Every structure is written in C-alpha cells, then in structure tokens.
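These numbers come from a predicted model, not from an experiment. Order of appearance sets the numbers: ligands from 1, and atoms from 1 within every ligand.
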Amino acid sequence: MKKWFAVIGDPIEHSKSPAMHNAWFEEMSIDATYIPIHVSSEQLESAVAGLKTLGASGWNVTIPHKTAIIPYLDELDELAQKMGAVNTVVRTTNGKLKGFNTDGVGFVRSLEEAVGSSHKDKPVLLVGAGGAARGIAFAMQQQGYNDLTITNRTVANAQAIVDEMGIGRAISLKEAEETLAEFSIIVQMTSAGLATGNFSMPFSLNRLEKGAIVADIVYNPLMTPFLQAAEEKGATIVTGLGMFVHQGAISFEHWLGNYPNTNSMIAQLKAQLGGN
Ligand code: NAP
C-alpha cells in the first residue's frame, strides 16, 4: 500500500519540505507521498488523532507545534526529551507514535560537512535562545562540542539553556560583540528582522577573527546580512540550507531506513533560492 507522510504547522504554505521529500521518493522509486497540512493550535489534538486513524506513516512538525505536540505522543527519543521539542513523528511497528528532533543534529551534520569535525574543542558562540537554538545547543553538546557560550537579546533565555545543559555560559549581545575575537565558530540562530523581511544584525561583526567559521540557520535568503558581513571579514561561511536538508534527511531515515541524496537536493534548492 502507498505510504503517506505530512508536515503540520501554521502557517504551512511556504514549507519546502513537501517538494523535498516527494523528490526523494521519486528519485529512490519509493511508493509514497508527502503532503502539507495546515493545523491551527486549537486543532492540534484532533489532527494528531486523525493522522493516526488515517494511517500516516510519519510526519514533520513545524512552528508552532513542536512543543505542544508532546502530550499527544506515546514515546520520545532521548534528545527530543532533553530539548522539549519534536519535529519528526514516527509510527513504530507496534503502532505507537514516537517523537524525534532532527533539527540540531541536522545542523551539526551540515556544519561538519562544510568544515570537518576537527573543531569540537574550539570556542563556539551560539547567537539566539529560541526553539531552534535550544535544539542546536543540545545537539552540539551531544556531539562533543564542549566550549559553548550562548548570547541572546533576553539573557535569561540563554541562561536557562545553559542551566539545563550543565555546561557553558550565557552573555549579553553587547558582551558578545565586544569579545567576538575569542570565538572560532559563531552560529546565528535568531529571527531578527524575519517577520518584516528586513533582516537586522543581532550585533556588529567588527571584531570577528579572520579565520572564524560563521554559520546562519536562516536559509531564505541564503546570504543573510550576518553571513555577508562575515564573508567581508574573511570568515568561512555556512548557510542554513544544509541544516534544512539534513534535518529532513534524518526524518526520512527514521521513517524509511535510508539516507537520501542530500548533495543534489542542496544544489537544487540553492538554485531555487538564487545561490550559485
Ligand atoms: P524562536 O523560537 O521564535 O526564537 C527567536 C530567537 O530570535 C530568540 O532568541 C529571540 O530572542 C531572537 N530575536 C528575535 N528578534 C530579535 C531581534 N530583533 N534582535 C535580536 N534577537 C532577536 O525562533 P526559532 O524557531 O528558534 O527560529 C529561529 C530562526 O531559525 C528562524 O529564522 C527560523 O526560520 C530559522 N530556522 C531554520 C531552520 C533550518 O532548517 N535551517 C530550522 C529551524 C529554524 P529573545 O529570546 O530575546 O526573544
């Protein structure tokens, strides 16, 4: 029987996940389909029951349901439990719904694909303390990055993640700007300016070291002002597209057991987003 998968969120119409997963199904001759479903917060509980009854094999969860869905699931993977957020639901062979979070691991995979995995002992500055930042902080800790500093507009939110991780420290954006030269890897994870399309910088990169690695998890636009400024300073830059494709590929692997071709997907999406 044809398998089917979905992504639920609000809004959902701009999601690139359906096109990505359907392209992988076609490329790998898998008899399956993946659909976007608009689900409001009020509809979440009944939507999960509906997906279960109607036989979805699994689905992705996006804003604003990543935390709210947890009470409706039967089990959580260890990392999703720590993060308190789920972006992937798998229907297990015994019919249970198990939640995973592939965002953070997707980011680490994308980072290491771009710059290798020899930077684990270097000082990392994580900029932002929202849902995505939380996932990335826990995944970096799990993958062996042990010198983590989190900076955020609201320092208390950064401090809360540090307290839960049991390592690292939280600093203000001003302190981050002033001490920027101390960091080898900087990851921009805020949504500053996203709502208006008028992206702003969380702080200036004037003090950035030339050899630094700078990643942004925003991928539309591909070249954010943060990455542009970093490139002008001679840094190695990593766009957010790799994270998006790898988080989807890890979900795909949870559902179907195979890792799809991420290189050709990154190239296709890059062309669509105006990159070269
Ligand atoms: P979120 O939970 O709403 O968190 C937003 C973060 O941005 C918070 O740290 C917030 O600081 C900060 N912020 C917002 N406006 C700011 C401003 N004007 N100046 C400074 N800081 C500001 O959002 P999220 O889910 O973590 O997502 C963050 C970004 O990641 C979004 O742009 C999203 O598109 C992107 N993302 C990309 C991927 C991918 O696959 N590449 C995956 C997930 C998310 P406060 O705590 O002070 O409010």
Between N152 and ligand 1, does any nitrogen or oxygen pair lie at a separation below 3.5 Å? yes
One pair to check against ring-ring contact (aromatic ring centres under 6.0 Å, His included): H21 and W59. What are the steps and the verdict? CA-CA 11 Å; H21 284 279; W59 61 91; over 10 Å; no
Within 4.0 Å of some non-hydrogen atom of A129, the atoms of ligand 1 are 9 (O)
So that I can tick it off, tell me whether E178 and K174 are bridged by a salt bridge, with the cut-off set at under 4.0 angstrom between side-chain N and carboxylate O. yes
Examine the proximity of ligand 1 to V218 and report which part, side chain or backbone, both or neither, has a heavy atom under 4.0 Å away. side chain
According to side-chain contact (heavy atoms from CB on, under 4.5 Å), who are the partners of E175, at least two apart in sequence or on a separate chain? R169, I171, S172, T179
I'd like to check whether A132 has a polar contact with ligand 1, where a contact means an N/O of the residue lying under 3.5 Å from an N/O of the ligand. yes
Are any side-chain N or O atoms of Q141 and backbone N or O atoms of M165, one a donor and one an acceptor, separated by less than 3.5 Å? yes
K122: which residues meet the salt bridge (charged side-chain N to carboxylate O under 4.0 Å, His left out) condition with it, sequence neighbours left out? none
Using distance alone, determine whether S191 and ligand 1 share an N or O pair under 3.5 Å. yes
Give yes or no for whether the N/O distance cutoff of 3.5 Å, strictly under, is met between I63 and ligand 1. no
Check Y219 against ligand 1 and report side chain, backbone, both or neither, counting heavy atoms closer than 4.0 Å. side chain
Under a 4.0 angstrom heavy-atom cut-off, which atoms of ligand 1 come close to F244? 40 (O), 41 (N)
Going by the atom numbers of ligand 1, which of them fall below 4.0 Å from some non-hydrogen atom of M189? 28 (C), 29 (C)
For this output row, return yes or no: ring centroids of F5 and F252 closer than 6.0 angstrom. no
Should one rank R134, R153, K16 by closest heavy-atom distance to atom 48 (O) of ligand 1, which comes out on top? R153
Does the distance from a Lys or Arg side-chain N to an Asp or Glu carboxylate O, for E209 and K233, drop under 4.0 Å? no
Examine the proximity of ligand 1 to I217 and report which part, side chain or backbone, both or neither, has a heavy atom under 4.0 Å away. both
In terms of atom number and element, which parts of ligand 1 are under 4.0 angstrom from non-hydrogen atoms of G128? 9 (O)
Polar proximity ligand 1 side, D103 side, N/O cut 3.5 Å exclusive: no
Criterion side-chain contact (heavy atoms from CB on, under 4.5 Å) against Y72, the qualifying member of L44, L97, V89: L44
Out of D103, N60, N101, which residue meets the side-chain hydrogen bond (donor to acceptor under 3.5 Å, both in side chains) rule with K66? D103
